[in-house]
Amino acid sequence: ARRHAPLLLAALLALTGAALRERLTYGLPGVLLPALCLLALQRGGPWPLLASLDVLLANLGPRLLGALAAPQPRDLLIVAACLGAVPLGLWLLRTPLPARLHVPAVGRWAYFFYPLHMLAIAAADRLLHAH
């Protein structure tokens, strides 16, 4: 029973995510992403590709889906970022950094990252759509 507990928990979370997908920002793909990333990190094989496709699915809302019919540079950058995020993350996890590039452990400093990265995305959007 102990061996099956993680699988049961994963199944319960997937079912809950599927039931609540309309209320979740990134839907069921967002619920599945942490598990797919863990499988990609631990097992390799097809999992990094599946995790990358899941990132794209999580971000493929009506706006981006419609824009891909006649993509602008911004749309192609979004797709490239989605497909490249998992391989880049795996590479960063597996590549030792030089001592001068020490990254502190994630702590309270990380709370500032989210609003700053949203600001960077908004700035990039304005630059790409400046006429």
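By convention here, the first residue in the shown sequence is residue 1. Small disclaimer: the values here were computed from a predicted structure and weren't measured.
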Determine, step by step, whether Ile78 and Leu56 satisfy the side-chain contact (heavy atoms from CB on, under 4.5 Å) criterion, reporting the C-alpha distance in whole Å, the side-chain angles of both residues, the deciding distance to 0.1 Å, and the verdict.
-> CA-CA 9 Å; Ile78 291 170; Leu56 182 60; over 6 Å; no
Does atom CZ of Arg23 have more than 12 heavy-atom neighbours from other groups under 6.0 Å away?
->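 Counting neighbours around CZ of Arg23, 12 or fewer heavy atoms of other residues, nucleotides or ligands fall under 6.0 Å, so no.
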Main-chain N/O of Tyr114 paired with His117 side-chain donor or acceptor, under 3.5 Å =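 Judged by distance alone, yes, a pair lies under 3.5 Å.
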Where is the tightest heavy-atom contact between [X] and [Y], given as atom of each residue plus distance?
X: Pro87; Y: Gly84; result: CD-O, 3.4 Å
X: Pro29; Y: Leu57; result: CG-CB, 4.0 Å
X: Ala58; Y: Gly30; result: CB-N, 4.2 Å
X: Leu28; Y: Ala18; result: CD1-N, 3.6 Å

Could you list all the salt bridge (Lys or Arg N to Asp or Glu O under 4.0 Å) pairs where at least one residue sits in residues 34-57, not counting sequence neighbours?
->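 Found none.
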Determine, using the 4.5 Å side-chain heavy-atom cutoff (strictly less than), whether Leu65 and Val79 are members of one ILVMFWY cluster.
->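 The answer is yes; both residues are in one hydrophobic cluster.
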ILVMFWY network linking Val86 to Leu50, side-chain heavy atoms under 4.5 angstrom =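 Different hydrophobic clusters.
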Transitive ILVMFWY cluster of Leu12, excluding itself - 4.5 Å side-chain cut-off |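 Result for Leu12 is none, singleton.
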Could you pull out every donor-acceptor pair under 3.5 Å between side chains of residues 33-41 and any protein atom, sequence neighbours left out?
none

Set of residues satisfying ring-ring contact (aromatic ring centres under 6.0 Å, His included) with respect to Tyr111, sequence neighbours excluded |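 Partners of Tyr111 by the ring-ring contact (aromatic ring centres under 6.0 Å, His included) criterion come out as none, since no residue qualifies.
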Working for side-chain contact (heavy atoms from CB on, under 4.5 Å), residues Val55 and Leu83 | CA-CA 7 Å; Val55 172; Leu83 295 176; over 6 Å; no
Go through the steps to decide whether Leu68 and Leu60 satisfy the test side-chain contact (heavy atoms from CB on, under 4.5 Å), and finish with yes or no.
-> CA-CA 10 Å; Leu68 289 178; Leu60 204 59; 3.9 Å; yes
The single option from Asn59, Leu53, Leu77 passing side-chain contact (heavy atoms from CB on, under 4.5 Å) against Cys82 =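 It is Asn59, the one option of Asn59, Leu53, Leu77 that forms the side-chain contact (heavy atoms from CB on, under 4.5 Å) with Cys82.
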Pairs satisfying side chain to side chain donor-acceptor pair (under 3.5 Å), at least one member in residues 29-42, at least two apart |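 Counting only pairs at least two positions apart or across chains, no side chain to side chain donor-acceptor pair (under 3.5 Å) contact touches residues 29-42.
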Side chain to side chain donor-acceptor pair (under 3.5 Å): pairs with one or both residues in residues 60-88, sequence neighbours excluded =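 For residues 60-88: Arg74-Asp125.
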Distance, nearest 0.5 Å, that separates CZ of Phe112 from CG of Leu116 =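 Interatomic distance, Phe112 CZ to Leu116 CG, rounded to 0.5 Å: 8.5 Å.
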